[in-house]
2 protein chains.
Amino acid sequence: MSGIADVARRAGVSKSTASRALTGSGYVSDATRQRVRDAANTLGYVPSTHAVSLATGKTQTIGVIVPHVTRWYFGEVVDGIQNALIARDLDCALFSAEPGSANRQRMFDTYLGRRRFDGLITVGLEPSTRELDRITTIGKPLVTIGSYDAGTSAVSIDDFEAALRATQHLIALGHSNIVFLGGAPEDSDHSFGDARRVGGYRTAMTEAGLAEFVQHIPCDVDMPDGYAVAVDFLSGSHARPTAIVAVCDEVAIGAIIAARRQGIGVPNDLSVIGIDDHTHAEMFSLTTLRQSPREQGETAVELLSRLIAKPRSTPERVWAPATMVIRSSTAPPPEPARL
Amino acid sequence: MSGIADVARRAGVSKSTASRALTGSGYVSDATRQRVRDAANTLGYVPSTHAVSLATGKTQTIGVIVPHVTRWYFGEVVDGIQNALIARDLDCALFSAEPGSANRQRMFDTYLGRRRFDGLITVGLEPSTRELDRITTIGKPLVTIGSYDAGTSAVSIDDFEAALRATQHLIALGHSNIVFLGGAPEDSDHSFGDARRVGGYRTAMTEAGLAEFVQHIPCDVDMPDGYAVAVDFLSGSHARPTAIVAVCDEVAIGAIIAARRQGIGVPNDLSVIGIDDHTHAEMFSLTTLRQSPREQGETAVELLSRLIAKPRSTPERVWAPATMVIRSSTAPPPEPARL
DNA sequence: TTGAAAGCGTTACCAC
DNA sequence: GTGGTAACGCTTTCAA
């Protein structure tokens, strides 16, 4: 574990010169620079990041806050962030903030306060006002992925438009009785992306004169609950819808499985469209709006790096693309419905 | 951003006393301790971790190496680790090491060398000998989850026994033509847990005098590939097996979906058993051996903490439990097979 | 029980 | 171009 002093001695220069040669800041002759580098190499010199941090005030770390890492979207984003970070020689400190957990509170109180990061990326975070307040008073650059939008730098798809297009696709196929499946109930106070998607659906329906058919069936945003809720309402006595817009692919897939279980053919009896293009979407021939959380993670790192380099620059809002991928879970409604 | 000097001044003591009072090391009178604490509180004092690290040599961070975070097992483990870490006031530095990626190499070379962690947890890592070498020469405490076993502290289920029991369950139901689905091919050089599971299956079959039926069908360890490969061999012309032992639940679920698609009834025509008790297992009524990656993560943190506290202590090997959860994807073989 | 001062390993300012 | 030296913010002897 040799330090910069050892390197300097071996290269026959002072610590300051060695530092300059190694970090590339300030004037050093090419000859000395080479000597210092050689010395560092043969010594296997690795700078102590603590010392560097203490001296520079930079941590070379960025913090990532994520509700949990087990849902597809979050996992992909984290992997994307990781990749971008490694390429830039930055460390990734992961903080999970499961909604409602004691640890979340602790994380906000203790961890954030330590400021062991040069910048923060929050993914899918739906902060309470108290939490939001905490985050902003930290005073570190911040980029938000796929969640709230408070004038900070942010990247996400346009949730409203994605759901709008998904719904319009169904309408164009001839459907009228279209249901929106998934997300928190309308009156819930923390519904961010979900709520915008419901909004897009609602608007598409209304604009097409189908306001009477508008129906939002809330459920947890995961496959098992999508399945369970779909089983329930598909077997209900009311007029079964001919199409479903799901809040995301996981819920869509849950619905497809539910339908199959009940002998309801997809897409012949029921069309289903999702949002995401989940890894499993192809397997279920799911028509969906593709987004790439991985790339969103990379983009966020890019924005954050810029913010760290120029702290006073204005926040940027990046709209990630969502492109329609038509597979075979959507089709025109069955004949009777057309009458 | 007040420092310990400010606290000391406000409490009317020296920096050293303030430090002792706050860290709880060394003698301080109760009265002064209280005064220092009050001062720290009103000032909102947060120690600079860099300075602390520099002075103590401890980083208060533990590193977690994981291939990626998008598979169920890994995601759950990481969440478990996170939870345990937060409770101990430790930071989590995440390193992804996707097999074969350029970043993996970079991570091993650069990141590990920085030693910005007091200990390391590797999850499902299947290290090359070069990588293994690198990890051990780091000289930091190490705990391994669900992967190789090199005399270091480790936690995982007994893969061999889990597959053995899964297979025996099928045999007890009356099956003979039982296939093992998933994992790397036998001759692959990096097959760790998978290979042990194949071994358990093979042993159970042999012991039951069913050696002639032994058949390992490799596939990637995820649902889409389990599905694809199952579609293939279930529709093949050869005698279809009456039961499948899947390397994990994701593959098992893929197989179930494949079977359904082909009109093969589960469990009437085909029994399927998995290992994991994946979040989706219940939804597919999957019989499986339950393990809790979350708890394994927590256990690993516990082992690691002990190792960090007493660096010379001997490594511990923890076998996580795997308990059979019988749902309805397994049943006796169809009549013809019994003859 | 307390305080002064010496590190910990860098960077950065300021002379030379 | 280069070297001396003072930070950076804390912990930890060692005296008192």
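Every chain is numbered from 1 and lettered A, B, ... according to where its sequence line falls, protein lines coming before strand lines.
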B:Ser153 and B:Arg306: side chain donor to acceptor below 3.5 Å
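No, B:Arg306 and B:Ser153 have no side-chain donor paired with an acceptor closer than 3.5 Å.
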If you measure only the distance, is there a donor-acceptor pair under 3.5 Å linking the side chains of A:Arg317 and A:Ser156?
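Result is yes, a qualifying pair exists.
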Determine the contact category for A:Ser53: base if any of its heavy atoms lies under 4.0 Å from a base atom, sugar-phosphate if only primed atoms, P, OP1 or OP2 are that close, otherwise nothing.
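It contacts nothing in the nucleic acid.
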How many angstroms lie between atom CZ of B:Arg130 and atom CG of B:Asp109, to the nearest 0.5 angstrom?
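Interatomic distance, B:Arg130 CZ to B:Asp109 CG, rounded to 0.5 Å: 5.5 Å.
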Which residues, if any, of residues 24-44 of chain A bring a heavy atom under 4.0 Å of DNA chain D?
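Within residues 24-44 of chain A, the residues near DNA chain D are A:Tyr27, A:Val28, A:Ser29, A:Thr32.
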Those residues that, when tested against A:Arg114, pass salt bridge (Lys or Arg N to Asp or Glu O under 4.0 Å) (two or more places apart)
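Residues passing salt bridge (Lys or Arg N to Asp or Glu O under 4.0 Å) with A:Arg114: B:Asp89.
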Angle of first-five versus last-five pair axes in the helix from C:dT1-D:dA16 to C:dC16-D:dG1, to 10 degrees:
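Answer for the end axes of this duplex: 40°.
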Please examine the side chains of B:Leu125 and B:Arg104, heavy atoms only from C-beta on, and report whether any two atoms are closer than 4.5 Å.
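Result yes, sub-4.5 Å side-chain heavy-atom pair found.
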What protein N or O atoms touch nucleotides 6-9 of chain C N or O atoms at under 3.5 angstrom, if any, and at what distances?
none

Sequence neighbours left out, what passes ring pair (Phe, Tyr, Trp, His ring centres under 6.0 Å) with B:Phe95? Give chain and number order.
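By the ring pair (Phe, Tyr, Trp, His ring centres under 6.0 Å) rule, B:Phe95 matches B:Tyr111.
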With A:Phe117 via ring pair (Phe, Tyr, Trp, His ring centres under 6.0 Å) - residues at least two apart:
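Once residues adjacent in sequence are excluded, A:Phe117 has no partner under the ring pair (Phe, Tyr, Trp, His ring centres under 6.0 Å) criterion.
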Could you work out, with side-chain contact (heavy atoms from CB on, under 4.5 Å) as the rule, every residue matching [X], not counting sequence neighbours?
X	result
B:Ala40	B:Val7, B:Leu22, B:Tyr45
A:Asn103	A:Ser101, A:Arg106, B:Asn83, B:Ile86
A:Ala5	A:Arg9, A:Lys15
B:Ala21	B:Val28, B:Arg33, B:Val36

So, using side-chain hydrogen bond (donor to acceptor under 3.5 Å, both in side chains) as the criterion, who are the partners of B:Ser48 when residues are at least two apart?
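B:Ser48: no side-chain hydrogen bond (donor to acceptor under 3.5 Å, both in side chains) contacts found.
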Does any N or O in the side chain of B:Thr137 come within less than 3.5 Å of the main-chain N or O of B:Arg134, such that one atom is a donor and the other an acceptor?
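Answer holds: yes.
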Where chain B begins and ends its contact with DNA chain D, read 5' to 3' at 4.0 Å from heavy atoms:
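Span of nucleotides near chain B: D:dG9 to D:dT12.
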Just to confirm, is there a sub-4.0 Å distance from OP1 or OP2 of C:dG3 to any side-chain nitrogen or oxygen of B:Ser14?
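For C:dG3, OP1 or OP2 has a side-chain N or O of B:Ser14 closer than 4.0 Å.
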